[in-house]
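Encoded as structure tokens, the structure appears first; notes follow it.
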Amino acid sequence: MKENTDVQNPTNEEVVVVNHSNLKTVTLVSPIEIDGALLNEIKLDYGKLTGADMLKIDEELKAEGRPEGFDSIYNQQVLVRIASKASGLLIDDLARLSLPDFAEVTFSARNFFFRS
């Protein structure tokens with residue numbers, strides 16, 4: 001790790017500053033109507049998720065007869081559930097997105113785990 005010179009560090013200890021936004025906005029190519037309102041973008045707030053949310057996703061999948069549960073961050077059932085929790089939208093509403101929009105939303109959920 002390298003020292004960050006932008007941070008005052010009187011002790012000269014190594015300082016690592018992680019500056020990630022936990023909010024991702026996806027502008028929809030094909031807006032959809034939800035509850036009478038046209039949705040042009042989806043805000044995904046990953047900062048509001050907790051470990052309990054991830055465990056709940058695993059439980060939900062297993063209860064639906066998917067014994068693998070939260071087995072992979074490439075599993076679309078996992079990703080759409082993460083996106084649902086991060087956006088506050090129902091899984092069924094996300095599933096109605098056009099394929100390019102659905103892919104962008106779920107890839108955003110997957111990419112959240114790859115941040116460095």
Side-chain angles (χ1 to χ4, degrees):
M1 289 186 228
K2 68 179 185 177
E3 187 173 341
N4 184 332
T5 57
D6 295 334
V7 177
Q8 290 185 3
N9 184 9
T11 62
N12 285 329
E13 292 179 22
E14 185 174 352
V15 175
V16 177
V17 177
V18 179
N19 188 15
H20 291 288
S21 172
N22 288 320
L23 183 64
K24 166 80 174 171
T25 301
V26 175
T27 302
L28 300 179
V29 174
S30 301
I32 62 170
E33 188 176 313
I34 297 177
D35 297 329
L38 191 62
L39 186 66
N40 294 310
E41 65 182 21
I42 296 177
K43 292 185 188 313
L44 299 151
D45 185 357
Y46 298 110
K48 71 180 182 181
L49 300 180
T50 66
D53 291 317
M54 299 300 99
L55 294 171
K56 181 75 172 160
I57 289 170
D58 186 60
E59 289 174 15
E60 290 170 358
L61 290 166
K62 288 178 179 175
E64 292 174 6
R66 300 173 201 271
E68 69 279 1
F70 190 154
D71 64 336
S72 169
I73 58 171
Y74 295 101
N75 180 323
Q76 288 296 315
Q77 291 296 326
V78 169
L79 296 175
V80 74
R81 282 171 168 75
I82 292 169
S84 173
K85 290 185 183 298
S87 68
L89 296 172
L90 298 173
I91 293 169
D92 289 342
D93 288 333
L94 292 175
R96 292 189 309 113
L97 294 172
S98 69
L99 183 57
D101 290 333
F102 183 83
E104 185 66 27
V105 167
T106 56
F107 288 170
S108 169
R110 181 202 62 207
N111 291 341
F112 171 77
F113 290 98
F114 290 114
R115 300 181 316 165
S116 59

* To do: Determine, using the 4.5 Å side-chain heavy-atom cutoff (strictly less than), whether Phe102 and Val29 are members of one ILVMFWY cluster.
  => no

* Asked: What about Phe114 and Val80, same hydrophobic cluster or not, with Ile/Leu/Val/Met/Phe/Trp/Tyr joined at side-chain heavy-atom distances under 4.5 Å?
  -> yes

* Structure fact -> In Leu94, Val105, Leu44, the residue satisfying side-chain contact (heavy atoms from CB on, under 4.5 Å) with Leu89 is Leu94

* Which is it for Ile42 and Lys24 under the side-chain contact (heavy atoms from CB on, under 4.5 Å) test, yes or no, and what are the steps along the way? -> CA-CA 8 Å; Ile42 296 177; Lys24 166 80 174 171; over 6 Å; no

* Could you give the distance from CG (Asp45) to OG1 (Thr25), rounded to the nearest 0.5 Å? -> 9.5 Å

* Asked: Are the side chain of Tyr46 and the backbone N or O of Ala109 linked by a donor-acceptor pair below 3.5 Å?
  -> yes

* To do: Flag yes if Leu38 and Val26 sit in one hydrophobic cluster, no otherwise; membership is Ile, Leu, Val, Met, Phe, Trp, Tyr, and two members link when side-chain heavy atoms are under 4.5 Å apart.
  => no

* **From CE (Met54) to CG (Leu49), nearest 0.5 Å** => 5.0 Å

* To do: Please collect all side chain to side chain donor-acceptor pair (under 3.5 Å) contacts where either partner lies in residues 71-80, sequence neighbours excluded, each pair once.
  => Asp71-Asn75, Gln76-Thr106, Gln77-Arg81

* To do: Please round to the nearest 0.5 Å and tell me the distance separating atom CZ of Arg110 and atom CG of Leu79.
  => 7.5 Å

* To do: Answer with yes or no whether the hydrophobic clustering places Ile82 together with Phe107; edges join I, L, V, M, F, W, Y residues whose side-chain heavy atoms lie under 4.5 Å apart.
  => no

* Asked: Once you round to the nearest 0.5 Å, how far does CG of Leu28 lie from CG of Leu39?
  -> 5.5 Å

* Asked: Should we count NZ of Lys48 as having more than 12 external heavy atoms under 6.0 Å?
  -> yes

* Asked: Can you tell me how far CD1 of Ile73 sits from CZ of Phe112, rounded to the nearest 0.5 angstrom?
  -> 10.5 Å

* Qualifying side chain to side chain donor-acceptor pair (under 3.5 Å) pairs, either residue in residues 91-103, two or more places apart -> Ser98-Asp101

* For the atom pair CG (Leu97) and OG (Ser30), what is the distance rounded to the nearest 0.5 Å? -> 9.0 Å

* Structure fact -> Of all heavy-atom pairs linking Gly65 and Pro67, the shortest is O-CD, 3.1 Å

* To do: Indicate the atoms forming the closest heavy-atom contact of Asn22 with Gly47, along with that distance.
  => CB-N, 3.3 Å

* To do: Flag the pair Leu55 / Phe70 as yes when at least one side-chain heavy-atom distance between them is below 4.5 Å, and no otherwise.
  => no

